[in-house]
Q: 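Shown below is the structure under consideration.
Chain A is the first sequence line, chain B the second, and so forth, proteins listed ahead of strands; every chain is numbered from 1. Note that these values count all heavy atoms, side chains included, but never hydrogens, waters or copies made by symmetry.
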Amino acid sequence: MPELPEVETIVNDLKTLLIGRRITDVAVNWEGIIAQPSDELSQGRPQNRKGRLCDSSSSVSEFKRRIKNQRILDIRRRGKYIIFDLSRGDSLLIHLRMAGQLLIGPCPTKLESYTRLILHLDNGQQLRFADMRKLGRVYLVEDAEAIVGMLGPEPLADDFKLEDFARILERRRGRIKSLLLNQRFIAGIGNIYANEILFAAGIHPLRKADTLAPAEIEALYHAIRRVLRRAIAERGTTFDGAYLDVRGRRGQYQESLRVLRREGKPCPRCGTPIVRIALGGRGTYFCPRCQE
DNA sequence: CTAAAATCCTGGTGGC
DNA sequence: TGCCACCAGGATTTTA
């Protein structure tokens with residue numbers, strides 16, 4: 001499941017491969033991959049997805065028309081979004097969600113039928129967006145901030161200091177794990193790294209944010225940065241082949257996981273069996289002795 | 001305000 | 001062997 005470290009790895013690879021390339025053509029194999037302007041950002045108005053059938057074809061042709069012949073000026077990451085800045089000043093954003101994969105080069109046969117979007121490039125290469133579960137989306141917008149503007153701070157930014165973390169934590173009273181998963185609170189952390197970060201910090205996932213002592217806030221801040229940096233160095237976490245980089249290679253951080261999907265196995269620090277609970281429908285793993 | 005459930009999705013798995 | 005419930009979880013929206 002691509003989170004910050006996986007998306008960072010993808011973006012770094014794409015940069016060396018695609019910056020300066022011109023998009024010569026677009027193939028949309030499944031129209032739902034293209035986010036409608038009202039899909040996100042809509043303030044409360046319920047959108048029925050079936051209702052888009054009436055105007056989806058025009059949106060798709062509009063999408064193709066706008067993107068064709070644009071050059072890729074830059075590729076960057078914001079939270080879990082991949083942002084392509086294009087030559088006419090607009091941006092293409094890709095969110096992989098649960099199962100999305102970006103691939104350059106030969107397509108593994110397994111992914112062929114799941115390819116939802118193909119960008120053809122002026123050097124003959126293709127960038128393919130495969131997504132078995134159809135949860136991923138692409139956005140073509142005048143200003144990327146329209147999509148990523150509501151995200152919380154980047155945890156690895158140089159100017160994201162302990163004081164900044166302590167400040168956004170003020171007056172937050174929810175459970176700390178839910179907060180780490182909230183992209184408006186802090187950007188880029190998903191279920192894998194939320195579990196590992198809380199273990200590294202020695203904090204119980206159900207702790208309320210406003211009960212954290214200053215020393216715990218500091219431990220959490222450093223755990224966030226340490227775990228994410230290490231995971232980037234390991235090129236992300238691959239479970240069941242779910243995440244692969246743009247060349248189809250696996251990450252290595254699964255070897256470093258301490259609690260995730262280790263229910264009943266001994267805590268690597270104290271030997272107590274790891275406990276699994278459900279929090280908001282998500283698997284939540286922790287050591288009942290090391291995390292209080 | 002927080003929190004849980006529903007929604008979108010499909011492949012894999014375990015029970016019967 | 002087949003059928004079914006359920007799990008995996010990112011993000012948003014709805015409901016309590």
Q: Output all residues satisfying side chain to side chain donor-acceptor pair (under 3.5 Å) with A:Arg276, sequence neighbours left out; order by chain, then residue number.
A: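 A:Tyr285.
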Q: How many Å lie between CG on A:Leu135 and C1' on C:dG10, as a whole number?
A: 8 Å
Q: Using a side-chain heavy atom cutoff under 4.5 Å and only I, L, V, M, F, W and Y, what cluster partners does A:Leu206 have?
A: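 A:Leu206 shares its hydrophobic cluster with A:Val275, A:Ile277, A:Leu279, A:Phe286.
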Q: Rounded to the nearest Å, what distance is computed from the CZ atom of residue A:Arg173 to the C1' atom of nucleotide B:dT2?
A: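 It works out to 8 Å between those atoms.
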Q: Regarding A:Glu6 and A:Tyr193, do their side chains bring together a donor and an acceptor under 3.5 Å, going by distance alone?
A: yes
Q: Can you list everything that forms a side chain to side chain donor-acceptor pair (under 3.5 Å) with A:Arg167? Sequence neighbours excluded, please.
A: A:Asp164
Q: Heavy atoms within less than 4.0 Å of DNA chain B: which residues of residues 174-185 of chain A have one? Give them sorted by number.
A: A:Gly174, A:Arg175
Q: Under 4.0 Å from OP1 or OP2 of C:dA8: is there any side-chain N or O of A:Arg276 that close?
A: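 For C:dA8, OP1/OP2 do have a side-chain N/O of A:Arg276 under 4.0 Å.
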Q: Is the distance between the ring centroids of A:Tyr253 and A:Phe239 under 6.0 Å?
A: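 Centroid distance A:Tyr253-A:Phe239: not below 6.0 Å, so no.
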Q: Can you identify which nucleotide, out of C:dT12, C:dG10, B:dC9, has its nearest atom closest to the A:Met150 side chain?
A: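 Closest nucleotide to the A:Met150 side chain: C:dT12.
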Q: So what is the 5' to 3' dot-bracket string for DNA chain C, if pairs are Watson-Crick or G-U wobble with both distances under 3.5 Å, crossing pairs use [ ] and | means the partner sits on another strand?
A: .|||||||.|||||||
Q: Need one value for A:Met98: base, sugar-phosphate or nothing, where a base atom within 4.0 Å counts as base even if backbone is also close, heavy atoms only.
A: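 Touches a base.
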Q: Could I get the full list of side chain to side chain donor-acceptor pair (under 3.5 Å) partners for A:Glu216, not counting sequence neighbours?
A: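 A:Glu216 satisfies side chain to side chain donor-acceptor pair (under 3.5 Å) with A:Arg207 only.
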Q: Check whether any side-chain N or O of A:Lys208 sits under 4.0 Å from OP1 or OP2 of B:dA3, and answer yes or no.
A: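 Answer yes for this pair, as a side-chain N or O of A:Lys208 is under 4.0 Å from OP1 or OP2.
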